[in-house]
Engineer: 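One structure follows; several queries about it will come next.
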Number of protein chains: 2
Amino acid sequence: MDSSFAIVAEPNRRAILSLLATSEHSVGELETQLQMPQPSVSKHLRVLREAGFVESRVEAQRRVYRIRPEPLKEVDAWLAPFRRFWNDHLDALERHLDRMGQTPTEGKNR
Amino acid sequence: MDSSFAIVAEPNRRAILSLLATSEHSVGELETQLQMPQPSVSKHLRVLREAGFVESRVEAQRRVYRIRPEPLKEVDAWLAPFRRFWNDHLDALERHLDRMGQTPTEGKNR
DNA sequence: CGGGCATATAACCGTCAAGGAATATAACGA
DNA sequence: TCGTTATATTCCTTGACGGTTATATGCCCG
């Protein structure tokens with residue numbers, strides 16, 4: 001049971017997930033959209049399914065796959081501590097710097 | 001030059017990044033904190049450096065590493081289309097499920 | 001200059017996972 | 001039932017990656 005990151009590391013799996021992000025798709029649809037051999041698609045879907053990234057619904061002879069959010073949510077959660085490196089609203093950063101005693105000479109005009 | 005996801009897939013590299021998320025650290029500090037052989041740390045740092053996840057500053061005989069946000073930012077960006085699966089206000093989620101087709105399983109609250 | 005500390009690189013090895021080809025399973029229609 | 005479509009599984013090979021050990025590089029200080 002490797003980490004969710006290892007699952008998402010595979011480019012084809014990311015492609016599959018991206019397609020499923022928009023709407024659910026059958027194996028055949030994924031196959032043609034990605035121009036990738038069917039056994040490959042099935043194998044990646046198996047990995048994704050067993051890792052909880054997708055689930056499938058049976059519809060006649062087709063299996064229709066859709067996203068399951070939980071594992072990607074974990075990935076998202078792991079990123080949280082890093083978001084401040086880019087997201088940070090400027091004012092929060094400024095408050096921090098202010099608290100640190102830095103008087104940013106000038107260059108901050110408002 | 002593989003994708004940023006492959007870099008982050010490695011658990012030890014994630015550990016390194018997590019440590020650096022708080023503050024910068026020298027190689028030796030990482031080595032002891034993670035209880036991992038020094039060559040391993042250096043190799044992972046090399047991978048992280050070449051992929052742009054970290055950069056190093058020379059301080060006497062030490063190299064002090066710190067985070068560079070860009071690649072993680074890319075990862076974060078890739079997640080964007082999926083966020084609506086969990087972040088979204090409940091009613092948006094319901095709209096989504098409606099669009100995805102009716103799966104009248106129970107448990108419609110969370 | 002020489003020795004010691006801090007970090008990087010090299011070489012080797014084992015593992016593991018992805019790709020491809022062939023085949024198996026399952027469900028539909030006639 | 002048979003044939004066809006849709007998907008899953010198996011087997012095999014191959015390449016990449018991480019761990020380990022040993023060695024190299026670089027910098028400081030006596």
Side-chain angles (χ1 to χ4, degrees), chain A residues 1-20 23-68 71 75 78, chain B residues 1-20 23-68 71 75 78 101 103:
Chain A
M1 202 234 264
D2 217 300
S3 101
S4 301
F5 292 87
I7 309 289
V8 175
E10 226 291 322
N12 297 307
R13 284 196 289 262
R14 283 202 306 283
I16 291 177
L17 290 174
S18 291
L19 282 181
L20 295 181
S23 72
E24 39 176 47
H25 287 291
S26 74
V27 178
E29 288 167 358
L30 296 171
E31 179 187 352
T32 58
Q33 292 260 356
L34 300 174
Q35 299 209 123
M36 129 183 318
Q38 177 267 319
S40 252
V41 179
S42 281
K43 277 205 276 188
H44 285 306
L45 282 173
R46 159 127 108 152
V47 175
L48 289 169
R49 194 186 337 121
E50 290 179 345
F53 285 79
V54 301
E55 61 189 353
S56 72
R57 158 173 59 103
V58 180
E59 194 174 87
Q61 329 90 358
R62 317 237 162 122
R63 312 269 174 117
V64 180
Y65 282 81
R66 64 167 160 267
I67 292 280
R68 283 198 52 209
V75 174
W78 183 83
Chain B
M1 201 233 261
D2 218 300
S3 100
S4 300
F5 292 86
I7 308 290
V8 176
E10 227 290 322
N12 296 308
R13 285 197 286 264
R14 283 203 304 283
I16 291 178
L17 290 174
S18 291
L19 281 182
L20 295 180
S23 72
E24 36 177 50
H25 288 290
S26 74
V27 178
E29 289 167 358
L30 296 171
E31 179 187 352
T32 58
Q33 293 259 357
L34 300 174
Q35 298 211 123
M36 130 182 317
Q38 176 267 320
S40 250
V41 178
S42 280
K43 274 211 280 189
H44 286 306
L45 283 173
R46 159 127 108 150
V47 175
L48 289 169
R49 194 188 334 122
E50 290 180 345
F53 284 80
V54 301
E55 61 189 352
S56 72
R57 157 174 59 104
V58 180
E59 193 174 88
Q61 329 90 3
R62 318 238 161 122
R63 312 268 175 118
V64 180
Y65 281 82
R66 64 168 161 276
I67 293 278
R68 283 197 51 209
V75 175
W78 183 83
T103 305

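Everything numeric here is computed off the predicted structure, so don't read it as measured data. Naming convention: chains lettered A, B, ... in sequence-line order (proteins, then strands); numbering from 1 in each chain.
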Engineer: Please list, for nucleotides 24-30 of chain D, all pairs of protein and nucleotide N/O atoms separated by less than 3.5 Å.
Structural biologist:
none

Engineer: Considering every strand and a 4.0 Å limit on heavy-atom distances, what is the contact class for A:Glu31: base, sugar-phosphate, or nothing?
Structural biologist: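 Touches nothing.
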
Engineer: Are B:Phe5 and A:Pro11 close enough that some pair of their side-chain heavy atoms sits under 4.5 Å apart?
Structural biologist: no

Engineer: Can a salt bridge be assigned to the pair B:Arg46 and B:Glu50 using a cut-off of 4.0 Å between side-chain N and carboxylate O?
Structural biologist: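 The answer is yes: the pair qualifies as a salt bridge.
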
Engineer: Please give, in whole Å, the distance from C:dA6 P to B:Leu45 CG?
Structural biologist: 16 Å

Engineer: How many whole angstroms separate atom CD of A:Glu10 from atom P of D:dC17?
Structural biologist: 13 Å

Engineer: Calculate the interatomic distance between B:Arg13 atom CZ and D:dA16 atom C1'; express it in whole Å.
Structural biologist: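 That distance rounds to 12 Å.
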
Engineer: Can you tell me if the side-chain N/O atoms of B:Tyr65 get under 4.0 Å from OP1 or OP2 in C:dA8?
Structural biologist: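 Yes.
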
Engineer: Expressed in angstrom and rounded to an integer, what is the separation of B:Arg62 atom CZ from C:dA6 atom C1'?
Structural biologist: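 Taking CZ of B:Arg62 and C1' of C:dA6, I get 7 Å after rounding.
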
Engineer: Output the residues of residues 32-43 of chain B in contact with DNA chain C, where contact means a heavy atom of the residue under 4.0 Å from an atom of the strand; sort by number or write none.
Structural biologist: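 Listed by number, they are B:Gln38, B:Pro39, B:Ser42, B:Lys43.
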
Engineer: Check whether any side-chain heavy atom of A:His25 lies under 4.5 Å from a side-chain heavy atom of A:Val64, and answer yes or no.
Structural biologist: no

Engineer: Can you tell me if the side-chain N/O atoms of A:His44 get under 4.0 Å from OP1 or OP2 in C:dG19?
Structural biologist: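 Checking A:His44 against C:dG19: at least one side-chain N or O falls below 4.0 Å of OP1 or OP2.
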
Engineer: For residues B:Tyr65 and B:Val27, report the shortest heavy-atom separation together with the two atoms involved.
Structural biologist: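 B:Tyr65 and B:Val27 have their closest heavy atoms at CE1-CG2, 3.6 Å.
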
Engineer: Please state how far atom CD1 in B:Ile16 lies from atom P in C:dT7, giving the value in whole angstrom units.
Structural biologist: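 Distance check: B:Ile16 CD1 to C:dT7 P gives 13 Å.
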
Engineer: Sequence neighbours left out, what pairs pass salt bridge (charged side-chain N to carboxylate O under 4.0 Å, His left out) with at least one residue falling in residues 27-36 of chain A?
Structural biologist: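 Qualifying pairs, neighbours excluded: none.
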
Engineer: Measuring from the side chain of A:Arg46 (C-beta onward, heavy atoms only), which nucleotide among C:dA18, D:dT9, C:dA6 has the closest atom?
Structural biologist: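 For the A:Arg46 side chain, the nearest candidate turns out to be D:dT9.
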
Engineer: Does any non-hydrogen side-chain atom of A:Ile7 lie less than 4.5 Å from one of A:Leu48?
Structural biologist: yes

Engineer: Any Lys/Arg nitrogen of B:Glu10 or B:Arg14 sitting under 4.0 Å from an Asp/Glu carboxylate oxygen of the other?
Structural biologist: no

Engineer: Do B:Ile16 and B:Val54 come within less than 4.5 Å of each other through their side chains, counting heavy atoms only?
Structural biologist: no

Engineer: Is any NZ, NE, NH1 or NH2 atom of the basic residue among B:Glu55 and B:Arg49 found under 4.0 Å from an Asp or Glu carboxylate oxygen of the other?
Structural biologist: no

